[in-house]
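Just so it is clear, the values below take in all heavy atoms, side chains as well, and ignore hydrogens, waters and symmetry mates. Here the structure is a predicted model, which means the values were calculated and not measured.
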Amino acid sequence: MGARLRRPPVWLSSIYLKTLRGFRVPILGWGLGLGTLMAIVLVAVPTVLGTPAARAAVVALGPSFAWFADPIKLDTPGGYATWKYGLTILIVAIWPILAQSATLRGEEDRGSMDVLLSLPRTRVRVALEKVAAMWTALLAMGLLIGLLTFAGGAKITAGPSFGASILFGLNIALISGVFGAISLLVSQFTLERRTAAGVTAGLLLVFIVLDMVHRVVPNVLWLSQLSPIYYFNLSKPLIAGYSANPGAMLFLAALTVILTGAAIWLFPRRDIGGVIAGPGFLRLPRRAPRPQGPVLQGNWSLRSVYTRSLAMAALPTFWWTLAIAGFAGWMVVVVKQTEAQLRAILQGSSAMRGIFNVGGTDASILSALFVFLPVMLMAFAVTQANRWSADEGDGRLEVLLSTPQSRLRVILGRFAALGTATVIICVVTLAVAAIALAATGISLDGGNLAAATLSMIPLGLLVAAIGYLFSGWLTAAVDTGLLSFVLVIWFFISFIGPSLNWPEAVQRLSAFYYYGSPLLHGLPVFDTIVVIAVGVIALALASARFVRKDIGV
């Protein structure tokens, strides 16, 4: 008697469940990680604001940092946590941006979309099931964040209620859904998912800056209202008596549905592997076809792994350079706008200088703000590490390795191209910051400015090397989720640790610790050498693993 056919496991019984199964690590990693961190923040607030002087100093400084977030009830746990940490948690949007860009376009890149569509399922159903899995994952993530936030608030007086904590997590899920939907829609117009992810990540940074504009420049509220971040910030459920804004949350949900619906509507109207043609006035005039042989032979980007990788990274590098350099210039403008008030408050309050670890000079204030620049550069490195891992999973490296190229040469060539892109971003950021400083009349030490921008390079390459190392054992989705989570942990250790007087040994676990304050004290030579050494070790281990492993395993 023949063996009975086994039914597939329940997780593989539908596209929805199989896709959701692939999100299990990001759900737990981001949900538990960010939820735990918010709980730690809430528990720590009474310590940070333990004296009347500290509370008064925070309340006094709040209006000067209004460009960053609305200063509401800063002397309460919910108000302080929302003001200082609420916006930084938006780093969670990196994951849905990467995941949604791969939801359809990634399947097409791998060739698995053809297999899916050979089943008795329409294109619309395939897209709907995949999108439903993403929404379920984001809601589960938001629920975990909300539950752990409530657990932390329950340990202090005047902590957020259960309902407020759940709404906080839901608001994070909604704004993440918006940027995931943007990434899904953009992927209908791009040939590669990495381009869609890069464009959407750039839009995230642009929208963050747009939301800040109305708090710095008067009478431009309409400009900030073009940003989804503006509506995310309208809800502040952790602040007692303020709660969430139902209209803003409904708007985010509606925007997610509209953008996702547009992407799903476009998907059946293009060829698999093709793109939606843009409006006629945006199309470049067609040129007469040229023979392909000479073009391929003479194209500079095909001369080596390095040049080809550099050409592939050109567009994402452009968008990230625009965002990071633009943010650096914007920070200079913000400090110039508020320097008088900030200096008066900081010079008159030793408690405030201790809480924010800054002095009363332009350099010290800018140094506190420039900490966001390495975060952005390291986020760029995460996307590029995802590209390396995805290329292996999609079978692209098999074609490349069929040519007379050694594996070591391939991985080092790819990493060298990433290093070049990183250097370009930092050099342009240095130039933009210098121009902004000259235009605003702020005087800073040129060597320290160069150290503050160029010393980000080792940090970005460290993250990329760790991502390459993870890819030796993990799939692209898990690799990106784990690497993003490591970045978040590092950021919160360095951002929260000093306020809580955490031991230096704990703070040394974060790569940001080794960045230091170069705008004030110049290049930290020893710490930079440590970062470079760890990055070299990670890259060496990644190379050794790649040389010996089976491709795709």
(request) Answer with yes or no whether the side chains of Y306 and T420 bring together a donor and an acceptor at under 3.5 Å. (result) yes
(message) Centroid separation under 6.0 Å, is that true for the rings of W30 and F23?
(response) no
(request) Could you tell me whether the side chain of R269 and the main chain of L266 form a donor-acceptor pair under 3.5 Å? (result) no
Which donor-acceptor pairs under 3.5 Å do the side chains of residues 131-156 make with protein atoms, sequence neighbours left out?
unit_1	atom_1	unit_2	atom_2	d
T136	OG1	Y16	OH	2.9
T136	OG1	A132	O	2.8
T149	OG1	I145	O	2.6

(request) Might you confirm whether atom CZ of R548 has over 12 heavy atoms from other residues, nucleotides or ligands at distances under 6.0 Å? (result) no
(request) Measure the shortest side-chain to side-chain distance between T256 and L174 over non-hydrogen atoms and say whether it is less than 4.5 angstrom. (result) no
(message) A side-chain contact here means heavy atoms from C-beta on lying under 4.5 Å apart; do W388 and L418 qualify?
(response) no
(message) Contact between L541 and I537 at the side-chain level, heavy atoms closer than 4.5 Å - yes or no?
(response) yes
(request) Kindly indicate whether the side chain of V199, heavy atoms from C-beta on, has any atom under 4.5 Å from the side chain of F189. (result) no
(request) Output the distance between atom CG (L204) and atom CD1 (I182), rounded to the nearest 0.5 Å. (result) 8.5 Å
(message) Tell me if the aromatic rings of W490 and Y515 count as close, with their centers under 6.0 Å from one another.
(response) no
(request) Mind checking the CZ-OG1 spacing from F415 to T422? Nearest 0.5 Å is all I need. (result) 7.5 Å
(request) With the side chain counted from C-beta on, respond yes when S235 and L167 share a heavy-atom pair under 4.5 Å apart, and no when they do not. (result) no
(message) Main chain of L210, side chain of S224: is a donor-acceptor contact present, judged purely on distance under 3.5 Å?
(response) yes
(request) State whether the side chain of R407 and the backbone N or O of K549 hold a donor-acceptor pair below 3.5 Å, judged by distance alone. (result) yes
(request) Working to the nearest 0.5 Å, report the span between CZ of F207 and CZ of F232. (result) 15.0 Å
(request) Considering non-hydrogen atoms only, spot the tightest contact between I239 and G79 and give its length. (result) CG1-CA, 3.7 Å
(request) Measure the spacing between CG of N233 and OG1 of T82 and express it to the nearest 0.5 Å. (result) 9.5 Å
(request) Evaluate side chain to side chain contact (heavy atoms under 4.5 Å, CB included) for W319 paired with L203, printing each intermediate quantity in order. (result) CA-CA 9 Å; W319 286 107; L203 287 175; 5.9 Å; no
(request) Give the minimum heavy-atom separation between L234 and N245, together with the two atoms involved. (result) O-CB, 3.7 Å
(request) Please step through side chain to side chain contact (heavy atoms under 4.5 Å, CB included) for the pair L377 and V463, ending with a clear verdict. (result) CA-CA 10 Å; L377 185 67; V463 170; over 6 Å; no
(message) Once salt bridge (charged side-chain N to carboxylate O under 4.0 Å, His left out) is applied, do any residues pair with R508, and if so which ones, sequence neighbours excluded?
(response) E504
(request) Would you sort out whether F327 and L205 count as a side chain to side chain contact (heavy atoms under 4.5 Å, CB included), showing the intermediate values? (result) CA-CA 8 Å; F327 188 81; L205 297 177; over 6 Å; no
(request) Flag the pair P160 / L42 as yes when at least one side-chain heavy-atom distance between them is below 4.5 Å, and no otherwise. (result) yes
(request) Provide the closest heavy-atom pair for A196 versus S101 in the form atom of the first, atom of the second, distance. (result) CB-CB, 4.1 Å
(request) Quick one: pull up CG in L322 and CD1 in I425 and give me the separation to the nearest 0.5 Å. (result) 11.0 Å
(request) Search all heavy atoms of P246 against all heavy atoms of A244 and return the closest pair with its distance. (result) CD-O, 3.3 Å
(request) Provide the closest heavy-atom pair for R193 versus A102 in the form atom of the first, atom of the second, distance. (result) CD-CB, 3.4 Å
(message) For F267 and M113: C-alpha separation, side-chain torsions, deciding distance, then whether side chain to side chain contact (heavy atoms under 4.5 Å, CB included) applies.
(response) CA-CA 12 Å; F267 178 54; M113 183 61 73; 4.0 Å; yes
(request) For the residue pair L98 and T383, establish whether any side-chain heavy-atom pair is separated by less than 4.5 Å. (result) yes
(message) When you measure from the side chain of S183 to the backbone of G180, do you find a donor-acceptor pair of N or O atoms at a distance under 3.5 Å?
(response) no
(message) Using side-chain heavy atoms (C-beta onward) and a distance below 4.5 Å, is S309 in contact with R414?
(response) yes
(message) Would you compute the distance between atom CG of L20 and atom CD1 of I15 and round it to the nearest 0.5 angstrom?
(response) 13.5 Å
(request) For residues I264 and V124, report the shortest heavy-atom separation together with the two atoms involved. (result) CG2-CG1, 4.1 Å
(request) Give a yes or no on whether the backbone of Q225 and the side-chain of Y231 come within a donor-acceptor separation of less than 3.5 Å. (result) yes
